[in-house]
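Here the structure comes first, spelled out in structure tokens, and everything after it is commentary.
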Protein chains: 2
Amino acid sequence: MWPGLEALPWRWAGGAALGLGLALEALALLVRGWWRRRRAPRREVLFFPSPVTCTAALLGEPGPAPCLCPLPHGDSPLARLLRRLLSARRSLELCLFAFSSPQLGRAVQLLHRRGVRLPVLADCSPHFAGIQVRHDQESGYMHHKFAIVDKKMLITGSLNWTTQAIQNNRENVLIVEDAEYVEPFLAEFERIWEEYNPANYTFFPTEKEQK
Amino acid sequence: MWPGLEALPWRWAGGAALGLGLALEALALLVRGWWRRRRAPRREVLFFPSPVTCTAALLGEPGPAPCLCPLPHGDSPLARLLRRLLSARRSLELCLFAFSSPQLGRAVQLLHRRGVRLPVLADCSPHFAGIQVRHDQESGYMHHKFAIVDKKMLITGSLNWTTQAIQNNRENVLIVEDAEYVEPFLAEFERIWEEYNPANYTFFPTEKEQK
């Protein structure tokens with residue numbers, strides 16, 4: 001120790017204690033704030049109808065860059081939805097009542113070419129070369145409209161993946177990363193995926209169904 | 001000060017400073033944990049189809065209690081949806097593509113009798129005595145299916161408010177209290193409410209629309 005320090009009165013040390021306590025607390029607050037910002041789950045809402053904008057650059061389509069087509073080239077709800085879907089690196093679960101939008105179809109084919117795993121559940125069956133699609137034999141509708149990006153981002157709402165819905169309807173889409181939503185939707189996907197296993201199809205009515 | 005305290009060595013005071021700092025930090029963590037638990041936003045998912053259960057008690061219907069009807073009296077996604085809606089004390093905004101479920105209709109009428117403010121936006125117009133309903137003249141669908149309880153709880157998903165959807169379809173409903181979702185949906189409601197103001201109706205095509 002330095003000479004003379006022993007002689008400092010105890011009440012100075014009390015002040016130092018309080019000061020150190022407050023400094024520790026401020027540091028903890030800073031670290032926690034940084035940690036929370038770094039890990040803040042994405043929470044976003046998109047409303048439709050979406051103005052028609054050019055999505056050629058997003059979808060990596062061949063042609064001049066910047067694209068010379070007459071459509072506006074700004075942001076739009078559809079462009080934001082496409083960007084979220086195209087952020088998939090490993091997997092994209094799709095569980096869709098209707099799927100006929102050309103732009104969303106091109107996004108799915110682009111992800112497929114990049115090697116992203118793409119299991120698709122659909123009420124009416126869309127066709128994609130090389131992508132496994134399971135659909136149902138139920139009387140009720142498979143009315144979900146959700147996608148799960150890399151098992152951590154849920155995209156769900158009222159929007160069917162059709163041009164009519166995107167361009168003409170009032171619709172909503174939520175982008176969600178909170179585990180309280182993502183995990184039950186993943187479990188729902190797995191449940192339906194197993195139920196729609198073609199091995200379980202019945203092509204002729206069973207005795208029970210004939211009654 | 002107490003006699004003798006002045007004589008304590010300074011390094012003891014250093015230990016006391018660290019101890020006090022750590023104690024302050026632990027207290028702050030406890031208070032913050034309690035505060036976060038107290039204010040944790042509700043995050044819940046309901047999946048349909050819902051088994052048919054008795055909702056008479058929930059809907060305050062006259063009759064013996066417990067109800068003697070042959071339906072199961074346990075919990076169900078529909079019962080949980082009804083409970084969330086019936087928790088409204090001041091207001092319930094409804095923005096619905098389709099609304100024909102008798103149970104959900106009775107819940108809305110019960111809230112109306114309790115004096116809850118009930119503005120309704122609908123694509124096809126349901127009729128409730130004394131409740132103001134606005135609908136559209138647009139060519140696209142008003143395809144939302146959401147409700148907002150007391151301006152702080154959003155209920156939204158794929159579920160149309162029909163018996164077909166509740167009992168037969170694969171559907172989802174999210175219960176959400178995060179402001180990042182509730183506020184944009186409230187703003188969307190206000191925007192559509194103004195646009196659907198009957199004062200803006202055009203009963204004959206305008207010159208622009210004839211082109």
Side-chain angles (χ1 to χ4, degrees), chain A residues 1 5-14 16-25 28-29 32 42-45 47-49 95 97 121 123 136 138-146 156-160 164-165 167-172 174 176 178-181 183-185 188 191-192, chain B residues 1 5-14 16-25 28-29 32 41 43-45 47-49 95 97 121 123 136 138-146 156-160 164-165 167-172 174 176 178-181 183-185 188 191-192:
Chain A
M1 289 288 190
L5 278 183
E6 311 276 330
L8 281 172
W10 188 83
R11 58 184 175 277
W12 285 29
L18 195 65
L20 183 60
L22 290 174
L24 266 174
E25 177 57 14
L29 267 176
R32 209 169 287 122
R42 191 186 302 277
R43 295 191 190 124
E44 195 179 349
V45 183
F47 289 112
F48 295 76
C95 189
F97 174 59
L121 286 167
D123 189 77
D136 70 325
E138 299 169 331
S139 58
Y141 294 125
M142 206 297 292
H143 201 236
H144 289 307
K145 312 107 174 30
F146 71 83
T156 189
S158 67
L159 184 86
N160 289 315
Q164 153 76 22
Q167 291 183 10
N168 299 326
N169 292 359
R170 309 257 182 179
E171 306 275 5
N172 62 75
L174 284 78
V176 182
D178 296 284
E180 296 97 320
Y181 299 114
E183 284 170 15
F185 273 83
E188 173 78 351
R191 201 159 40 233
I192 305 179
Chain B
M1 288 289 189
L5 280 181
E6 311 276 330
L8 281 171
W10 187 85
R11 61 185 174 277
W12 285 30
L18 195 64
L20 183 61
L22 289 174
L24 265 174
E25 177 56 16
L29 266 176
R32 209 170 286 121
R43 294 188 191 128
E44 195 180 348
V45 183
F47 289 112
F48 294 76
C95 190
F97 174 59
L121 287 167
D123 190 77
D136 69 325
E138 299 169 329
S139 59
Y141 293 124
M142 205 297 292
H143 201 238
H144 289 308
K145 314 106 174 25
F146 71 82
T156 190
S158 67
L159 185 86
N160 288 314
Q164 153 76 22
Q167 292 183 8
N168 299 325
N169 293 359
R170 308 256 181 182
E171 306 274 4
N172 63 74
L174 285 77
V176 182
D178 296 283
E180 295 97 320
Y181 299 113
E183 284 168 17
F185 273 83
E188 172 78 351
R191 200 158 42 233
I192 305 180

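In what follows, every chain begins at residue 1, and chains take the letters A, B, ... in the order their sequences are listed. As the structure is a computational prediction, the values presented were derived from the model and not from experiment.
- For B:R191, the salt bridge (charged side-chain N to carboxylate O under 4.0 Å, His left out) criterion is met by B:E188, not counting sequence neighbours.
- Contact annotation for B:L18: both backbone and side-chain heavy atoms come within less than 4.5 Å of a heavy atom of chain A.
- The greatest number of non-hydrogen atom pairs below 4.5 Å with chain A, out of B:E25, B:H143, B:E180, is found for B:H143.
- Among A:N169, A:V176, A:N168, the residue making the largest number of heavy-atom pairs under 4.5 Å with chain B is A:N169.
- Across all non-hydrogen atoms, the minimal contact from B:V45 to A:P184 is CG2-CG, 4.1 Å.
- Comparing A:G19, A:P49, A:A23, A:G157 by how many heavy-atom pairs each has under 4.5 Å with chain B, the most go to A:G157.
- Applying the side-chain contact (heavy atoms from CB on, under 4.5 Å) test to B:A179 and every residue at least two apart in sequence or in another chain returns B:E183.
- Of the listed residues B:Q167, B:R32, B:Q164, the one with more heavy-atom pairs under 4.5 angstrom with chain A than any other is B:R32.
- Side-chain contact between A:N172 and B:Y181 is absent, with no heavy atoms from C-beta onward closer than 4.5 Å.
- Here the CD atom belonging to B:E171 is positioned 9.5 Å from the CE atom belonging to A:M142, to the nearest 0.5 angstrom.
- Annotation for A:F47: atom CZ counts as buried by contact number, over 12 foreign heavy atoms lying within 6.0 Å.
- Residue contact with chain A, scored on non-hydrogen atoms closer than 4.5 Å, is absent for B:F97.
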